[in-house]
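To start, the structure itself, in structure tokens.
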There are 2 protein chains.
Amino acid sequence: MLIADDQELVRTGFQMILDAQPDMEVVSAVSDGAAAVAEARRLRPDVCLLDIRMPKLDGLEVTRLLAGPGVTDPLRVVIVTTFDLDEYVYGALRSGATGFLLKDSGPTLLLEAIRAAAHGDALVSPSVTVRLLQHLAQPAAPKPLDEPLTDRELDVVRLIARGRTNQEVAAELFVSLSTVKTHLGSIFTKLGARNRVEIAAWAWESGVVN
Amino acid sequence: MLIADDQELVRTGFQMILDAQPDMEVVSAVSDGAAAVAEARRLRPDVCLLDIRMPKLDGLEVTRLLAGPGVTDPLRVVIVTTFDLDEYVYGALRSGATGFLLKDSGPTLLLEAIRAAAHGDALVSPSVTVRLLQHLAQPAAPKPLDEPLTDRELDVVRLIARGRTNQEVAAELFVSLSTVKTHLGSIFTKLGARNRVEIAAWAWESGVVN
DNA sequence: TACGGCATCGGCCGAACGGCTGATCTTAAG
DNA sequence: CTTAAGATCAGCCGTTCGGCCGATGCCGTA
């Protein structure tokens, strides 16, 4: 087990909790991201407990270096943070973390998360999980449409959502600019959108593009 | 707390674990899905603990009836099952479950899951979570940025991605239209975007918004 | 056959966008 | 103290967007 947190109190708190466990051993506790990477590579602990907000390298960068895509023989990383921000959550998961805990979690969850990570499993704070599940559970029906989009309109939506201009959409669909604008008009009406970015946002939310 | 499981031993086992907790009370324990729905509607427990494989109605059907989309005043449902099947997991989440536990989890996780559900949060078994995260983390690698966006630029990006006009962004951030356009200029350069929809697309792909 | 939905095209016009240059102020780093 | 980076603001100007009007042709159904 390696602990990385810039706050002295948090480090020692974690260490006391973990040292009380017969099956856990803290091999190093550091206060910044660069040291975390160095120690992790030197000691190769089973699990790394990383804060996000740290000097030099933040926890997500450290995770990328230790467990990110392309890393050979990645370590297990559990992110522990005070802040329940979506960017942190998704950033952590993309970086290769196998756990995400808020600091307001009890010690029970902390221990469970570490044991899970040691087995290659992942435990995420319940208050975070509930939001993740919402995204998984309803990739469909973000907006009940009075009138569904036609196939051709969906073609236009998909290209719009990828950042194409009307001219480019016209070229890729082999139609004129006027036609694209006509389809767009229908799309605006049906979705109740006020500009093309709202169309794009709807497309991403509803899973029309991915 | 309501327990529904067709196996006598499991029901009593759960009941013994839960009765030992001062903050929990099992108000009913039934052995099939139809009874679970009836009891849940009559007693309206804070949390329902449901097995999936049950006579008459399976746990997922029960969940749909008690917590599914369109249900007014939904109950909190934790699914407990022996079988770690993807269909079960996704089925449970789509049905409206706020927790998913495998029966090989320890009593600690069971209690944590129930307490989380009571708060409206969701705890999922670590071995299941790790697979869910792979699906979430899959659309990774949107674009490694030469220069990262500043905090303020991210504020602008988030609002742009939600379809706001420059004027609206200015109003919501309490700055002038000129400032927004300046930030946008930097964003265009850093992301290599050609229009605001490409900025929005980057934001959605990278998880800056969701 | 007549009707309606869909796809296709054109023009006009005001508003919004995006690129450009240049400026002040604060804060952090060297 | 000097320098660099970030946040703030301003004007100009060409392009794109989005709304609105109208029009033609195809196809399936009533």
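Hydrogens, waters and symmetry mates play no part in the numbers below; they use all other heavy atoms, side chains included.
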Using only side-chain N and O atoms of B:N166, determine if any of them is under 4.0 Å from OP1 or OP2 of C:dA16.
no

Cation-pi check for A:F188 against A:R194: NZ or CZ below 6.0 Å from the six-membered ring centre and within 45 degrees of the axis, yes or no?
no

Between C1' on D:dT8 and CG on B:D151, what's the gap in Å once rounded to a whole number?
16 Å

Worked check of side chain to side chain donor-acceptor pair (under 3.5 Å) between A:R115 and A:Q21
CA-CA 11 Å; A:R115 294 202 176 92; A:Q21 304 302 312; 3.0 Å; yes

Measure CZ/A:R152 against P/D:dC26 and give the value in whole Å, please.
17 Å

Test side chain to side chain donor-acceptor pair (under 3.5 Å) applied to B:E153 and B:H183, B:R158, B:K190, the passing residue:
B:K190

Indicate whether OP1 or OP2 belonging to D:dC17 is found under 4.0 Å from a side-chain N or O atom of A:R196.
yes

Any idea which of C:dA7, D:dC9, D:dG19 is nearest the A:E153 side chain?
C:dA7

Atom CG of A:L173 and atom P of C:dC9: how far apart are they, to the nearest Å?
11 Å

Categorize A:T182 for me: base, sugar-phosphate, or nothing, with a 4.0 angstrom heavy-atom threshold over every strand shown.
base

To the nearest Å, how far apart are B:Q167 CD and D:dC9 P?
12 Å

Look at the side-chain N and O atoms of B:S176 and state whether any lies under 4.0 Å from the OP1 or OP2 oxygen of D:dC9.
yes

Report the distance from atom CD of A:E168 to atom C1' of D:dT15, rounded to the nearest whole Å.
13 Å

D:dA7, OP1 or OP2 - any side-chain N/O from B:T150 closer than 4.0 Å?
yes

note: B:H183, atom NE2; D:dA10, atom P; distance rounded to Å ~ 13 Å

A:I187 CD1 to C:dC6 C1', straight-line distance once rounded to whole Å:
13 Å

Check whether any side-chain N or O of A:S105 sits under 3.5 Å from a backbone N or O of A:L101 as a donor-acceptor pair, and report yes or no.
no

Atom NZ of B:K181 and atom C1' of D:dG11 are separated, to the nearest Å, by 9 Å

Between B:T108 and A:T108, do the side chains contain an N or O donor and an N or O acceptor separated by less than 3.5 Å?
no

If the cut-off is 4.0 Å, is A:T179 near the phosphate of C:dT8, judged by side-chain N/O to OP1 or OP2?
no

